[in-house]
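The structure appears right after this line, and notes come after that.
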Amino acid sequence: MIQSSIAAVCSLLGSARRPHALRRVSTRLSSHILCFLCWIAIATFVLNNVPAASSARTFAPPSECSAPFAPLLAFADSTTDTGNQIHTNTPFATAASPPYGMTFFHEPTGRYSDGRVMLDFLCTALRVDFLPPHLTLTRSSQCANENFAVAGATANSNAELQSIANVTSLTEDTLGVQLSWFKNDLQGHDLSKALNYALGAMRPANEVQALLPAVVEKIHNALQTILESGVKKVVVQGQFPMGCIAIYLRLFNNTQLDSNGCISSVMEISNQHNRMLRDVIGHVQKTHPDVDIIFFDTTEAYLHILTNPSIYNFNNVHDPCYTGGLELLALANAGNTGGSPSAAAAALPPHNINMTSCTNPENYIGWDGIHLTDAMYGAMMKLFLTDARFTSPFPNFLTPCTNH
């Protein structure tokens with residue numbers, strides 16, 4: 001039960017899909033490209049984790065900001081998607097409808113939040129516009145700042161997922177697909193000044209055990225591809241503490257909790273995934289000593305806020321502000337037993353779903369049971385950019401660019 005449920009929750013992180021759907025997530029680039037790699041499913045972001053502070057290399061940050069990073073690129077899933085999924089044929093692109101986007105944008109934008117996602121806050125700190133989703137760009141506007149992230153994206157293809165763990169994803173735009181977009185859009189461009197932002201993702205127990213090595217290898221290869229393209233600046237966001245996410249807490253409501261009120265068994269899986277990712281990042285850093293990699297410790301930042309909610313104006317740390325998100329996920333799971341997107345779509349009766357949310361999302365950590373609120377994403381990014389406890393190394397190449 002725990003194994004299958006964990007798998008379900010992780011796979012749902014980017015879009016409403018069956019609990020067994022795993023989610024993951026060039027040419028010559030210039031040293032000022034900033035690459036942001038981000039996934040929230042347990043077997044998706046190998047780029048998420050960097051070696052522990054004790055083993056991380058020493059980094060002497062510049063006294064002045066070397067920005068502008070050109071371009072700023074992002075690869076990930078629903079924690080970073082700013083509108084790609086709603087322009088695909090993926091069933092259950094719930095971020096296209098209210099109440100998603102209700103606060104900051106006052107309308108749905110394709111972000112799985114009531115407002116902004118973490119990448120948006122990084123853009124604001126760097127004083128650049130929000131990254132446009134790849135699928136909305138014209139050919140002439142490509143090779144500028146661009147977001148390749150797609151909600152629900154997995155590191156492996158459906159064929160690989162089925163072969164390894166008999167699981168299926170409703171999203172076809174895997175990490176490999178995102179890399180192909182990247183290569184096509186930026187071929188021939190100098191990416192040495194690019195900034196790449198990468199995240200992480202969530203997934204399940206016994207299935208995760210089988211998938212982890214394959215997923216980590218996929219992400220490892222993807223990171224190598226990006227760096228071999230010439231990218232020199234990479235931000236890797238670690239995995240979220242899956243055992244603290246509302247959907248897991250509901251699925252495992254009779255399961256042992258840790259001191260933070262999170263599912264112990266699920267946290268063990270998240271931690272294992274993070275350890276494997278740290279090993280990969282450490283290896284990549286050694287083989288690419290000229291590359292600067294920053295690691296955002298998502299789990300530690302989340303747990304810090306969870307245990308000190310009043311400091312951040314949160315008064316509800318476990319319940320989602322929008323409960324309709326959990327209902328949609330349940331329907332997606334019920335409708336995808338055969339792995340058919342059309343069958344899943346047919347199983348969704350919008351008129352039976354509660355489309356209202358709480359009126360004060362700024363006081364909630366969780367938004368829809370899987371994703372977080374605008375307020376939580378903002379609080380976490382602030383910690384990453386200002387607090388050495390949650391970022392390695394610190395200070396770093398972002399520090400003089402965001403210290404204002």
Side-chain angles (χ1 to χ4, degrees), residues 13 36 38-40 48 74 76-82 99-105 109 111-127 130-131 197-202 235-246 249 260-262 270 274 294-322 325 357-392 394-396 398-399 401-404:
L13 204 40
F36 184 102
C38 181
W39 270 267
I40 259 197
N48 305 342
D77 57 10
S78 59
T79 57
T80 301
D81 188 356
T82 54
Y100 288 88
M102 62 179 277
T103 56
F104 184 83
F105 300 100
T109 64
R111 290 168 171 80
Y112 278 85
S113 169
D114 60 302
R116 294 159 289 186
V117 293
M118 221 171 319
L119 176 63
D120 295 322
F121 289 97
L122 176 59
C123 289
T124 297
L126 290 172
R127 297 177 176 174
F130 296 156
L131 266 60
Y197 184 99
L199 244 171
M202 305 205 309
V235 176
V236 173
Q237 180 177 307
Q239 185 185 68
F240 286 73
M242 300 191 320
C244 304
I245 304 300
L249 291 170
N260 295 312
C262 305
S270 293
N274 281 332
I294 299 173
F295 172 62
F296 289 168
D297 194 336
T298 311
T299 291
E300 288 304 312
Y302 187 108
L303 294 178
H304 166 73
I305 296 174
L306 182 68
T307 54
N308 300 278
S310 61
I311 297 176
Y312 303 93
N313 199 36
F314 294 123
N315 55 35
N316 193 317
V317 300
H318 290 304
D319 298 322
C321 170
Y322 170 49
S357 70
C358 69
T359 58
N360 57 328
E362 69 275 9
N363 301 131
Y364 283 71
I365 284 180
W367 165 242
D368 60 5
I370 292 179
H371 309 95
L372 309 181
T373 59
D374 176 288
M376 181 60 168
Y377 283 136
M380 293 181 71
M381 182 54 71
K382 184 174 183 180
L383 289 178
F384 295 147
L385 297 177
T386 62
D387 198 321
R389 293 174 295 173
F390 311 109
T391 301
S392 177
F394 189 90
N396 50 63
L398 285 179
T399 306
C401 302
T402 58
N403 187 17
H404 49 254

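All values derive from a computational prediction rather than experimental measurement.
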- [ ] Start with the C-alpha gap between Thr391 and Phe296, add the side-chain angles, then the distance that decides, and say whether side chain to side chain contact (heavy atoms under 4.5 Å, CB included) holds.
- [x] CA-CA 5 Å; Thr391 301; Phe296 289 168; 3.8 Å; yes

What pair of heavy atoms forms the shortest contact from [X] to [Y], and how long is it?
X      : Y      : answer
Tyr312 : Ala379 : CD2-CB, 4.0 Å
Pro320 : Asp368 : CB-C, 3.8 Å
Leu249 : Cys244 : CD1-O, 3.6 Å

Side chain to side chain donor-acceptor pair (under 3.5 Å) against [X], all qualifying residues, sequence neighbours excluded:
X      : result
Thr373 : none
Asp297 : none
Asp387 : Arg389

TODO: Check whether the ring centres of Tyr322 and Tyr100 lie less than 6.0 Å apart, and answer yes or no.
DONE: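 That pair passes the under 6.0 Å test.
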
- [ ] I would like to know whether Phe394 and Thr399 meet side chain to side chain contact (heavy atoms under 4.5 Å, CB included); could you show each step before the answer?
- [x] CA-CA 8 Å; Phe394 189 90; Thr399 306; 4.0 Å; yes

Nearest-0.5 Å distance that lies between atom [atom1] in [X] and atom [atom2] in [Y]:
X      : Y      : atom1 : atom2 : result
Cys321 : Met102 : SG    : CE    : 6.0 Å
Gln239 : Thr298 : CD    : OG1   : 8.5 Å
Leu372 : Arg116 : CG    : CZ    : 14.0 Å
Asn260 : Leu303 : CG    : CG    : 5.0 Å
Cys262 : Tyr302 : SG    : OH    : 7.0 Å
Cys401 : Asn396 : SG    : CG    : 9.0 Å

Between [X] (side chain only) and [Y] (backbone N and O only), is there a donor and an acceptor less than 3.5 Å apart?
X      : Y      : result
Asp374 : Glu362 : no
Thr103 : Asp114 : yes
Thr80  : Asp77  : no

TODO: Return the set of residues passing salt bridge (charged side-chain N to carboxylate O under 4.0 Å, His left out) with Asp319 (not counting sequence neighbours), or none when no residue passes.
DONE: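 Scan of Asp319 (salt bridge (charged side-chain N to carboxylate O under 4.0 Å, His left out), adjacent residues dropped) gives none.
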
- [ ] Under the salt bridge (charged side-chain N to carboxylate O under 4.0 Å, His left out) rule, collect the residues that match up with Asp120, sequence neighbours excluded.
- [x]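 So Asp120 forms a salt bridge (charged side-chain N to carboxylate O under 4.0 Å, His left out) with Arg111.
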
Can you confirm whether [X] sits close enough to [Y] that some side-chain heavy atom of one is under 4.5 Å from a side-chain heavy atom of the other?
X      : Y      : value
Ser357 : Trp367 : yes
Leu122 : Leu385 : yes
Phe130 : Thr124 : yes
Asn363 : Asn313 : yes
Pro309 : Ile365 : no

Open item on the list: I'd like to check the side-chain contact (heavy atoms from CB on, under 4.5 Å) partners of Ala301; sequence neighbours left out, ordered by chain and number.
Closed with: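 Met380, Leu383, Phe384, Phe390.
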
TODO: Walk me through it: do Phe121 and Tyr377 pass the test side chain to side chain contact (heavy atoms under 4.5 Å, CB included)?
DONE: CA-CA 8 Å; Phe121 289 97; Tyr377 283 136; 3.9 Å; yes

Task: side chain to side chain contact (heavy atoms under 4.5 Å, CB included) between Phe314 and Ile305, worked out - done: CA-CA 9 Å; Phe314 294 123; Ile305 296 174; 3.7 Å; yes

